[in-house]
Number of protein chains: 2
Amino acid sequence: MTDRDTSRTLAHPEAAEIRLEGVLHALSDPVRLSIVLDLAASADDLACSHFDLPVTKSTTTHHFRVLRESGVVRQAYRGTTKLNALRRDDLEALFPGLLDSVLTAAAAEAERLTST
Amino acid sequence: MTDRDTSRTLAHPEAAEIRLEGVLHALSDPVRLSIVLDLAASADDLACSHFDLPVTKSTTTHHFRVLRESGVVRQAYRGTTKLNALRRDDLEALFPGLLDSVLTAAAAEAERLTST
DNA sequence: CGACTCCTTCGACACCTCTCGTACCATGGG
DNA sequence: CCCATGGTACGAGAGGTGTCGAAGGAGTCG
């Protein structure tokens with residue numbers, strides 16, 4: 001195929017199906033929060049393999065699925081790797097300011113906990 | 001006793017002990033989110049018995065404890081009833097804008113789900 | 001083709017969570 | 001002093017969650 005949907009596609013919730021509780025729950029896990037932080041910091045898509053997480057690959061797959069199914073990230077296969085991107089626009093439209101305040105809060109807490 | 005700490009006091013986390021993940025988790029349950037919404041709307045303390053929740057009393061106790069232990073609300077006994085208040089100042093200091101955006105998001109979602 | 005990389009699936013396990021009912025304690029009013 | 005009211009404690013059960021390891025599919029590169 002000459003197109004960039006290099007094969008299997010993944011199920012994502014429509015913007016209208018994204019639930020606040022689901023998003024908050026997705027963000028309430030340290031591993032997932034660190035993924036989201038990383039994703040937010042690097043402005044563009046990141047492969048799963050980019051992340052250095054303290055869990056095994058199968059657990060990583062699990063966390064990315066939670067993020068995808070709650071509507072926080074969008075995933076697409078690109079060859080052998082899977083690219084991840086925050087759904088900033090959808091989240092901003094549904095819950096204005098929420099993502100930013102969570103990101104800011106997470107950064108502030110990280111700094112607070114590693115002392116100065 | 002002439003004082004208002006009419007006896008048993010409840011354990012609350014210090015502001016410095018409040019964790020973002022804990023707050024997000026506390027807010028990710030529909031029952032607790034509705035409690036927080038109600039609390040935010042009425043600007044001042046509310047007795048547990050004020051809330052009309054779709055769960056039994058013991059479950060209500062459980063949810064209030066989660067909210068208190070995560071640092072979202074402050075509780076104090078007042079005679080036979082227990083008063084609840086949002087810890088707006090502490091949360092605002094730790095995670096600026098977070099509570100407001102969650103409240104706004106919850107209100108928007110409620111309106112979105114009950115159609116127009 | 002074969003090997004390698006990347007990710008998924010599956011079963012399993014420990015743990016936590018939400019829920020309930022029943023029994024209970026603490027306060028305040030007759 | 002006793003009871004009504006408001007909340008708690010405890011045990012239990014159904015279901016979800018985070019974690020792993022082993023096995024396996026999908027692409028890519030030689």
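All values derive from a computational prediction rather than experimental measurement. Chain A is the first sequence line, chain B the second, and so forth, proteins listed ahead of strands; every chain is numbered from 1.
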Practice task
Determine the contact category for B:Thr81: base if any of its heavy atoms lies under 4.0 Å from a base atom, sugar-phosphate if only primed atoms, P, OP1 or OP2 are that close, otherwise nothing.
Solution key: sugar-phosphate
Practice task
May I ask you to say what B:Thr61 touches in the nucleic acid, namely base, sugar-phosphate or nothing, with a heavy-atom cut-off under 4.0 Å?
Solution key: base
Problem - Rounded distance (Å) that lies between atom P of D:dG27 and atom CG of A:Leu83 - result: 15 Å
Handout entry: Sugar-phosphate, base or nothing in reach of B:Thr59, heavy atoms under 4.0 Å
Key = base
Exercise for the section: Write down the distance between CZ (B:Phe51) and P (D:dG6), rounded to a whole number of angstrom. Expected result: 15 Å
Handout entry: OP1 or OP2 of D:dT19 under 4.0 Å from side-chain N/O of A:His63
Key = yes
Exercise for the section: Give a yes/no answer on whether the side chain of B:Arg65 brings an N or O atom under 4.0 Å of OP1 or OP2 in D:dG7. Expected result: no
Exercise for the section: Look at B:Arg78 together with B:Asp45 and state whether they make a salt bridge at an N to O cut-off of under 4.0 Å. Expected result: no
Handout entry: side-chain contact (heavy atoms from CB on, under 4.5 Å) partner of B:Val73, chosen from B:Leu86, B:Leu83, B:Ile35, B:Leu46
Key = B:Leu86
Practice task
Remember a base hit wins even if backbone is also touched, and classify A:His50 as base, sugar-phosphate or nothing at under 4.0 Å, heavy atoms.
Solution key: nothing
Practice task
Starting at atom NE2 of A:His25, determine the distance to atom C1' of D:dG15, rounded to an integer number of angstrom.
Solution key: 13 Å
Handout entry: A:Phe51 and A:Thr60: CA distance, side-chain angles, deciding distance, side-chain contact (heavy atoms from CB on, under 4.5 Å) verdict
Key = CA-CA 9 Å; A:Phe51 299 89; A:Thr60 301; 6.0 Å; no
Problem - Contact nearer the 5' end of DNA chain C, comparing B:Val66 with A:Leu10 - result: A:Leu10
Exercise for the section: Just compare C:dT19, D:dA9, C:dC7 and give me whichever is closest to any side-chain atom of B:Ser58. Expected result: D:dA9
Handout entry: Side chain B:Thr81, main chain B:Tyr77, donor-acceptor under 3.5 Å
Key = no
Problem - Interatomic distance where CG belongs to A:Asn84 and P belongs to C:dC6 [whole Å] - result: 14 Å
Exercise for the section: Write down the distance between NE2 (A:His62) and C1' (C:dA14), rounded to a whole number of angstrom. Expected result: 14 Å
Exercise for the section: Confirm from the modelled atom types if B:Thr56 and C:dG21 form a donor-acceptor pair under 3.5 Å, side chain to base only. Expected result: no
Problem - Whole angstrom value for the distance that separates C1' of C:dC20 from CG of B:Leu53 - result: 15 Å
Problem - Atom-pair distance (CZ on B:Arg68; C1' on D:dG7), nearest Å - result: 12 Å
Exercise for the section: Spell out, yes or no, whether B:Val23 and B:Val66 are grouped together once hydrophobic residues are joined by side-chain heavy atoms under 4.5 Å, including indirect joins. Expected result: no
Problem - Of the listed nucleotides D:dG6, C:dC6, C:dT8, the one nearest the side chain of A:Tyr77 - result: C:dT8
Problem - Whether B:Asp90 side chain and B:Ala15 backbone form a donor-acceptor pair below 3.5 Å - result: no
Fill in the blank from the handout: Regarding the side chain of A:Thr80, the nearest nucleotide among D:dG6, C:dC7, C:dC6 is C:dC6
Handout entry: D:dG7 base / B:Lys82 side chain donor-acceptor hit below 3.5 Å
Key = no
Handout entry: Nucleotide nearest B:Arg32 (side chain, heavy atoms from C-beta), chosen from C:dT19, C:dC18, C:dC7
Key = C:dC18
Practice task
Mind calculating the distance between CZ (A:Phe64) and C1' (C:dC7) to the nearest angstrom?
Solution key: 11 Å
